[in-house]
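Notes follow the structure.
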Amino acid sequence: MESETDEMRESLIDCLRPRLKELIVVDRVLDLIDFIENEQKERIRQKARNDGDISAADSLINAVVQKPHTPGWFTAFVDALNNGGCKFAADYMQLNLPTPEVEAENENCVRFIHLLIPSLADMGTDQVCADCFSKGLLTIDERDRIMAEIGNRGSRSGARELLRRIIKCPPGWYSTFLQVLKDTEHDVLYNELTDTHPIHQILSGRFGTQKSQQTFCDSEPLLSFADGSALEVARSPEKEIILRDYQMEVAGPALEGKNIIVCLPTGSGKTRVAVYITKEHLDRRKAEGKPRKVIVLVNKVPLVEQHYSAEFLPFLKNKYKVERVSGDSQLKISFTEIVKKNDIIICTAQILENYLERANGGEDEDLTLIIIDECHHTQKGGVYNHIMMRYLKQKHKNKRLIKEQKEPVPLPQILGLTASPGVGGATKMEKAEEHILRICANLDASRIMTRSHEEFKKEQRKIIVSVEDRREDPFGDVIKKIMTAIHNHAELTPTCDLGSQNYEQWVVQKERQAAKDENQKVRVCAEHLRQYSESLNLSNTIRMQDAFSFLNKYYEEEMKKKTAPEEEHKIQITDTERFLFNLFKDNKKELETLAKNPEYENDSLSKLRTKILHEFSSRDEARGIVFIKTRRSAIALNQWIQENPKFADIGVKSAYVIGGGDQSVVKPMTSAEQKDVLKKFGKGQVNLLIATTVAEEGLDIPACNFVIRYGLVTNEIAMIQAQGRGRAEDSSYTLVEVKNSGVAEKECVNEYRKNMMNKAIQKIKLLNQAAYEKRITEFQIQAIMEEKVRMTKKKQKDIKNESPSNVKFSCRSCSEPICTGDDIQIIENMHRVNVTPQFRKLYIQRENTTLQERLLDYETNGFIACKNCGQRWGSMMMYKGIECPCLDVKNFVVNLNGKKISKCTKWNEVPIKFSAFDYAEHASNMTMSDNSDDDETM
């Protein structure tokens, strides 16, 4: 019976949770609850300091309902609310609910205070605070906190803290507050808050009747501060944007229409600043009767949905039309119409680039504000830079037009957002400054805006975990023995350590040269050596059995290639291939046995296990990300965690997220799959994410409280971005070493570069404006000149005046001649196909269940391979009902005018203009052929 009662009380608290979060003042109540452990109380206090009362109240409620319950827990909680000055919350807990009319009126008062916060923040806070205390709206502790806030951060910040407190009082607080304003001679504010104010009348008319029909269980958050710590109080379809003082400061020049870069640490509300600037920009231009159109650019597909759903739509949906478009969206087809019909468009940068590329002129003039997220990518040949190069060229053309007394072309305002511009590999301060100034120049930024150092949030705890070399590595020794045997067979002499990055580069070079020389013995040996090198790296990073599984699967696939679908056809196996297959077969059993022996596992994996177990056992709600180098390692590490019962016992629920590109042999994740995993992680259905670098930038996961980089270090930007994924209170950042990775040394270099970057930014900010603009102009002119040279070279390269008959293609594996350029046609300016009858005789077709991809007018569901040696050549594409063998150039050696090219990885590297595929003609030929066959059978 007692457990049933507890369950009913838990259900009641869950139903009341949205209202309780609004009404509980955590620091008043926490000390009065004796059934919560002191360590847990301290974490809740820390959350209140970092994230505000709403978030801390949610953690407090979680602690209250946490099982097992102590006797009398519910009554103790209600007493704590009453004695802690949260009587209104206690009334709800005891179901002493206000009438719908009183509740609706109280909510209107809360909304009204919320709407007028910008005005109320200018009050004489110290006077108002003293009077609110004397009239019972504030406790002595709250008064002291507000006065401390005034002393530390100014009167406006103190005013916001005061307003947060008083709206949690029971109904009747509003009239008392009005009297306080009148007594302290705030006559203007008093008049604004009286019932005669137009906004008050609108609120009563718009919300009053409607709200009285709803229950307290339906309430949703409304008031949200930009760093997430704010006041979530009533229900509303749209949120109001409230910026903190430092956010308003960095936004200042942009609100005046200037181009700036906002450089704030991850989690400091950069995107919320952008939303506020967007609203002010649109409001101002609307009032002036000017055109208005905002484009928000991101560099990753998941960020499109994140910015749309979590930021721009909630705050701007009532006044403006907001839409999002990404590469996997059908809306990209009608992007021109999307731009015309909406005020704010959030999209990946490539979509805007394609739009501007197709534009005949004038379309880009419609854009009045371009927001570039992760703007440190605006350099070199990136898509951001292509977009901004158009802007810079037009800017300098406008100068000439003005001199000629002609009308200049309107340019959009530019707003860049970044947590770290980096130093571009600089080792000296001058080069670091130059790198940052170049980014400023590329974005035409008049200033780079940062938060002052003393206001930065508390630094994360950073831990570097060192590992010991294996005392014995018999698994690795067998792999190296096999590699040595292959070296001897192919007469190769490596000059670097087996399995190192230098070794892998050496092997790739050997494979390319051998393909060019038609030396199949060395080429195939080099290909197999790459796999053994990868398995060495896997055994140093994850389990030996994962490394063995990788090798075993590779050889199974290689054997399948040598098996023809039709039994009557035989695919040749060379002596070298037979040697390699037998070499693995002879050592397979020993490798399999060693892989199962945990005694020889690497120390890195052991340290990672210990770290994850510690994080989950020492936190109430642990949620973390492990960053790892390769897709294959991410998948294997996730499998290891899911198969280990120790992780399941402490509630670890893992999933992996990897990139969507197809440059890897590992099957990529679709955008929908990435979204699904990230959504589950955000909701807590997954609490440990194993991720490649695809998750480093931009992902907003407030509850993430630990980050581990496992044998992965790149540059200072990636380090800052990875650290920034840990946003929750008391978050930690750990670096776990892996053999041959050198991550500890690289991390020290990155810390040095990070400090250099911060100093360089400060030096740039100290430049007088004239000196700054002079350097920016010089860099812009240099960038435009370099772009002209680059475009000239590109045009020369793009002049595909070679005759298709001059290029010949041979199989990369067996060197058999395949076709000439005359045989290849192009579909939709993208897919190179060979539909000649002669080519059909040269390949076999295999099913591939991992390659079932439906697109607009075509689909791919299998691959084609050399009938002679089994080398994969490409995929079989079904285009409008016609089977078209689609070729991948990396599987061939290209012979151009007698010169062999072995390292073509993309078709645009082949200087040939292929003829377009004539669908009607080919379909007609096929029909005639079918008719002829029918006649013969008749």
Side-chain angles (χ1 to χ4, degrees), residues 22-32 45 48-54 56-57 81-89 106 109-194 197 200 223-227 229-234 240 242-249 455:
E22 300 163 10
L23 299 176
I24 293 175
V25 181
V26 172
D27 51 11
R28 288 187 195 173
V29 175
L30 198 56
D31 289 331
L32 301 173
R45 288 192 186 94
R49 287 192 289 270
N50 290 344
D51 301 334
D53 252 356
I54 297 295
L81 293 174
N82 268 316
N83 298 329
C86 298
K87 186 177 183 306
F88 198 19
N106 189 64
C109 293
V110 170
R111 284 194 188 84
F112 198 38
I113 292 292
H114 161 61
L115 289 170
L116 292 178
I117 274 182
S119 300
L120 291 169
D122 292 326
M123 71 171 80
T125 311
D126 50 354
Q127 294 176 297
V128 174
C129 179
D131 220 41
C132 284
F133 170 67
S134 67
K135 288 184 167 56
L137 290 180
L138 299 171
T139 65
I140 186 168
D141 187 46
E142 287 176 320
R143 182 198 64 182
D144 292 344
R145 286 177 182 272
I146 293 165
M147 295 307 293
E149 186 74 8
I150 295 169
N152 292 334
R153 305 186 63 183
S155 178
R156 289 177 64 85
S157 185
R160 292 194 183 99
E161 184 66 25
L162 183 147
L163 295 171
R164 282 194 191 95
R165 302 283 179 165
I166 64 170
I167 63 170
K168 296 173 188 275
C169 294
W173 62 268
Y174 186 74
S175 57
T176 305
F177 182 57
L178 282 178
Q179 189 60 48
V180 168
L181 291 178
K182 191 171 184 180
D183 293 347
T184 53
E185 299 181 354
H186 288 80
D187 296 334
V188 174
L189 293 178
Y190 174 82
N191 291 332
E192 284 193 11
L193 288 173
T194 57
H197 193 281
H200 202 290
L223 180 55
S224 175
F225 284 85
D227 59 358
S229 68
L231 190 58
E232 295 177 28
V233 288
E240 180 70 13
I242 304 296
L243 295 189
R244 293 195 172 276
D245 291 346
Y246 72 85
Q247 292 169 318
M248 187 63 77
E249 181 184 344
E455 290 180 336

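Atom set for the values below is all heavy atoms of this structure, side chains included, hydrogens, waters and symmetry mates excluded. Small disclaimer: the values here were computed from a predicted structure and weren't measured.
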Do Glu161 and Arg165 meet the salt-bridge criterion of a basic N to acidic O distance under 4.0 Å? yes
Which heavy atom of Ile166 sits nearest a heavy atom of Leu138, and at what distance? CG2-CD2, 4.0 Å
Are the charged groups of Arg45 and Asp31 less than 4.0 angstrom apart, N to O? yes
Of all the heavy-atom pairs spanning Leu23 and Ala89, show the shortest one and how long it is. CB-CB, 3.9 Å
To the nearest 0.5 Å, what is the distance between NZ on Lys135 and OG1 on Thr176? 8.5 Å
Point-to-point distance, once rounded to the nearest 0.5 Å, from CG of Asn82 to CG of Leu32: 10.5 Å
Do Met123 and Val180 touch side chain to side chain, with heavy atoms closer than 4.5 Å? no
How close do Arg143 and Cys129 get, heavy atom to heavy atom, and via which atoms? CG-SG, 3.6 Å
Quick one: pull up CZ in Phe177 and SG in Cys109 and give me the separation to the nearest 0.5 Å. 11.5 Å
Kindly compute the distance separating CZ (Arg160) from OG1 (Thr125), expressed to the nearest 0.5 Å. 10.0 Å
For Gln179 and Asp183, test the side chains for any donor-to-acceptor distance below 3.5 angstrom and give the result as yes or no. yes
For the residue pair Ala57 and Ile24, what are the closest heavy atoms and their distance? CB-CB, 4.3 Å
Starting at OG of Ser157, measure out to CD1 of Ile146 and round the result to the nearest 0.5 Å. 10.5 Å
Working note: His186 + Gln127, criterion side chain to side chain contact (heavy atoms under 4.5 Å, CB included); need CA distance, chi angles, decisive distance, verdict. CA-CA 10 Å; His186 288 80; Gln127 294 176 297; 4.1 Å; yes
Spacing of CG belonging to Leu137 relative to OH belonging to Tyr174, to within rounding of 0.5 Å: 13.0 Å
